[in-house]
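Please read the structure below before turning to the comments.
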Amino acid sequence: LGACENISQYTTVSSDATPRQKMQACMLNEANNRLYNGTLFINSVSATSQDLVNTCLKKLALQAAGISEESQTAATNIINNLKTLSSK
């Protein structure tokens, strides 16, 4: 994965891509991110592949519903703010 010169051509798709193309791009992107983070080979291939599928199904469902990944950042900020307030 990391050896590909221009992996972005495989990890990004247009909004009119088929669901299959979106899923494949998501899984490749997720696997590549895990490879660079050093977490791709922590579990068995079967467990990791199932986790990739589940992660991408959730991401694509949220995108289809109009909810972006920015929501996780917002949730993290809310939790950190509450944590800070509660420690005062």
Side-chain angles (χ1 to χ4, degrees):
L1 293 173
C4 293
E5 287 184 25
N6 185 10
I7 196 166
S8 66
Q9 67 184 356
Y10 304 108
T11 59
T12 57
V13 292
S14 65
S15 60
D16 61 344
T18 66
R20 182 174 188 233
Q21 290 170 323
K22 290 178 182 179
M23 185 66 168
Q24 288 176 338
C26 179
M27 290 188 300
L28 182 56
N29 191 42
E30 189 68 27
N32 194 50
N33 287 341
R34 291 178 187 201
L35 177 67
Y36 282 109
N37 291 336
T39 60
L40 184 61
F41 304 112
I42 291 175
N43 297 314
S44 70
V45 171
S46 178
T48 301
S49 65
Q50 186 61 51
D51 189 47
L52 287 176
V53 169
N54 289 337
T55 298
C56 287
L57 285 173
K58 289 175 188 175
K59 283 184 177 183
L60 294 173
L62 290 173
Q63 288 172 359
I67 302 171
S68 71
E69 293 178 26
E70 294 173 8
S71 297
Q72 183 171 357
T73 302
T76 301
N77 290 338
I78 290 168
I79 292 167
N80 284 333
N81 289 337
L82 291 172
K83 185 177 178 182
T84 300
L85 289 173
S86 67
S87 64
K88 290 183 178 183

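All residue numbers refer to positions in the sequence shown, counting from 1.
- By the rule that hydrophobic residues join a cluster once side-chain heavy atoms approach within less than 4.5 Å of another member, M27 and L57 end up as members of one cluster.
- Formation of a donor-acceptor pair under 3.5 Å by the S49 side chain with backbone atoms of S46 is found in this model.
- Residues that satisfy the side chain to side chain contact (heavy atoms under 4.5 Å, CB included) test with S15, not counting sequence neighbours, are absent from this structure.
- The closest donor-acceptor contact from the side chain of N29 to the backbone of A25 lies at 3.5 Å or more, if one exists at all.
- For the atom pair SG (C56) and CG (L28), the distance works out to 9.5 Å, reported to the nearest 0.5 Å.
- Residues meeting the side chain to side chain contact (heavy atoms under 4.5 Å, CB included) test with L60, sequence neighbours left out: K22, M23, Q63.
- Distance check, rounded to the nearest 0.5 Å: CG of N37 to CG of N32 gives 9.5 Å.
- In this structure, D51 contributes its side chain and A47 its backbone to no donor-acceptor pair below 3.5 Å.
- Each of L52, N54, T48 was compared with Q50 under the side chain to side chain contact (heavy atoms under 4.5 Å, CB included) criterion, and only N54 meets it.
- Annotation: the span from K83 atom NZ to T76 atom OG1 amounts to 11.5 Å, rounded to 0.5 Å.
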